[in-house]
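Take a look at the structure set out below.
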Amino acid sequence: MRPVVHVNVAMSADGKLSTRERRQVRISGPADFARVDRIKAESDAVMVGIGTVLADDPSLTVKSPDLQAMRIARGMPGHPVRIVVDSMARTPQDASLLHKGEGQRIIACSERADPEKKAMLGCSATVLVAGRDRVDLPLLLSLLHERGIRRLLVEGGGTLIAGLFSAGLVDELTCFVGNMIIGGSDAPTLADGPGFIDEATFIRLSLSGMEQLDEGILLTWRVKREG
């Protein structure tokens, strides 16, 4: 068994998550920030890939004190579990997500990761080994389910999201499309990596919501399942 997986991204009108230098860009506005904070507050855990940690240094915390209080009133920690998919244990010791806000942190690594790095990260987080050469995403999600995580929010980046889609592990996608063109063939997109070979392997979505928000549009999709 695995958690329900909700992928949430903000991208430019031409489908870019950031610049070709992986520099963070403010794509959405206050209304979308508040929406994402509420989704985060309603999730058991929030997950990103190591590339997002190295580029953006996110804290992955719930920002609203009211939403933190709501979680606590429900018997939950003020912040969701924060998870990094980090095959080679490259998460910096001073990463914000390891130190900002109380709550549990998980670093998911492979067996190939340096034992010393894993031991150092173990001082600030729970280190889960899932996979031999790289993190095995289905195995990781199974381990997270065993730890009581039922709803998982994924916030990037493109490589992790592509891997989750490829493994059939995504249930819902919300995408804020902003009013800008970033450009660049090397700029990260929602689903990076090698891509899918032909139409038979494409991930098919069903549009379940659409609304204007800030100066862009929010699209909500459900992943179609065969049968």
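Since we're looking at a predicted model, the values are computed, not measured. Counting from 1, the numbers follow the sequence of the chain as shown.
For residues 182-193, the pairs satisfying side-chain hydrogen bond (donor to acceptor under 3.5 Å, both in side chains) are Thr189-Asp192, with sequence neighbours left out. Residue pairs that meet the salt bridge (Lys or Arg N to Asp or Glu O under 4.0 Å) test with at least one member in residues 97-109, sequence neighbours left out, do not exist here. Residue pairs meeting the salt bridge (Lys or Arg N to Asp or Glu O under 4.0 Å) criterion with at least one member in residues 141-164, sequence neighbours excluded, are Lys40-Glu155, Arg151-Glu172. The side-chain hydrogen bond (donor to acceptor under 3.5 Å, both in side chains) contacts involving residues 161-171 comprise Arg2-Asp171, Asp171-Arg225, where partners must be two or more places apart or lie in separate chains. Residues in residues 206-219 take part in no salt bridge (Lys or Arg N to Asp or Glu O under 4.0 Å) pair, two or more places apart or across chains.
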Trace of the side-chain contact (heavy atoms from CB on, under 4.5 Å) decision for Leu190 with Phe165:
CA-CA 11 Å; Leu190 186 152; Phe165 272 116; 4.1 Å; yes
task: Go through the steps for Val170 and Ile203 under the test side-chain contact (heavy atoms from CB on, under 4.5 Å), then give the verdict.
output: CA-CA 10 Å; Val170 179; Ile203 304 299; over 6 Å; no
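Taking CG from Asn8 and CG from Asp32, the interatomic distance works out to 6.5 Å, rounded to the nearest 0.5 Å. With rounding to the nearest 0.5 Å, the separation of OG in Ser18 from CD1 in Ile27 is 7.5 Å. Taking CG of Leu173 as the reference point, atom OG of Ser206 lies at 12.0 Å (rounded to 0.5 Å). The CD1 atom of Ile107 lies 9.5 Å from the CG atom of Leu128; values are rounded to the nearest 0.5 Å. Considering CG of Leu219 and OG of Ser208, their distance stands at 9.5 Å, rounded to 0.5 Å. Between His6 atom NE2 and Arg222 atom CZ the span is 8.0 Å, to the nearest 0.5 Å.
The two residues Leu213 and Ala31 come nearest to each other via the heavy atoms CD1-CB, 3.8 Å. Scanning all heavy atoms of the two residues, the minimum distance from Ala113 to Ser87 falls at CB-O, 3.4 Å. For Leu60 against Pro80, the heavy-atom pair with the smallest separation is O-CG, 4.3 Å. In terms of heavy atoms, Pro58 sits closest to Ser96 at O-CB, 3.9 Å. Closest approach of Ala13 and Val177 over heavy atoms only: CA-CG1, 3.8 Å. Residues Val53 and Ala95 share a closest heavy-atom pair of CG1-CB, 4.3 Å.
Residues passing the salt bridge (Lys or Arg N to Asp or Glu O under 4.0 Å) test with Arg112, sequence neighbours excluded: none. Remark: Val129 pairs with Glu111, Lys118 by the side-chain contact (heavy atoms from CB on, under 4.5 Å) rule, at least two apart or across chains. In this structure Glu199 satisfies the side-chain contact (heavy atoms from CB on, under 4.5 Å) test together with Phe202, Arg204, sequence neighbours excluded. With sequence neighbours excluded, no residue forms a side chain to side chain donor-acceptor pair (under 3.5 Å) with Thr52. The side chain to side chain donor-acceptor pair (under 3.5 Å) test applied to Ser59 returns Thr61, not counting sequence neighbours. Evaluation of the salt bridge (Lys or Arg N to Asp or Glu O under 4.0 Å) rule for Arg26 yields no partner, not counting sequence neighbours.
Cluster annotation: Val46 and Leu144 are assigned to distinct hydrophobic clusters (Ile/Leu/Val/Met/Phe/Trp/Tyr, side-chain heavy-atom contacts under 4.5 Å, transitive). Connection of Leu205 to Leu207 is established within a shared hydrophobic cluster, with ILVMFWY side chains joined at heavy-atom distances below 4.5 Å, either directly or through further cluster members.
Side-chain contact of Asp86 with Thr91: a donor-acceptor pair under 3.5 Å is present, judged by distance alone. Under the 3.5 Å distance criterion, with hydrogens and angles disregarded, a donor-acceptor pair is assigned to the side chains of Asp14 and Ser12. Neither side chain, Ser124 nor His99, offers a donor N or O lying under 3.5 Å from an acceptor on the other.
Annotation for Arg35: atom CZ counts as buried by contact number, over 12 foreign heavy atoms lying within 6.0 Å. Residue Ile197 qualifies as open at atom CD1: its count of foreign heavy atoms under 6.0 Å is 12 or below.
The shortest distance between side-chain heavy atoms of Met47 and Leu164 falls below 4.5 Å. Looking at heavy atoms from C-beta onward, Leu98 lies out of side-chain contact with Val84 at the 4.5 angstrom threshold. The shortest distance between side-chain heavy atoms of Leu17 and Met11 falls below 4.5 Å.
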Solution key, residues 133-140 side-chain donor-acceptor pairs under 3.5 Å, sequence neighbours excluded:
residue, atom, partner, partner atom, Å
Asp136, OD1, Leu139, N, 3.0

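In this structure, the side chain of His145 does not engage the main chain of Pro3 through any donor-acceptor pair within 3.5 Å. A donor-acceptor pair under 3.5 Å is formed between the side chain of Arg71 and the backbone N or O of Ala41.
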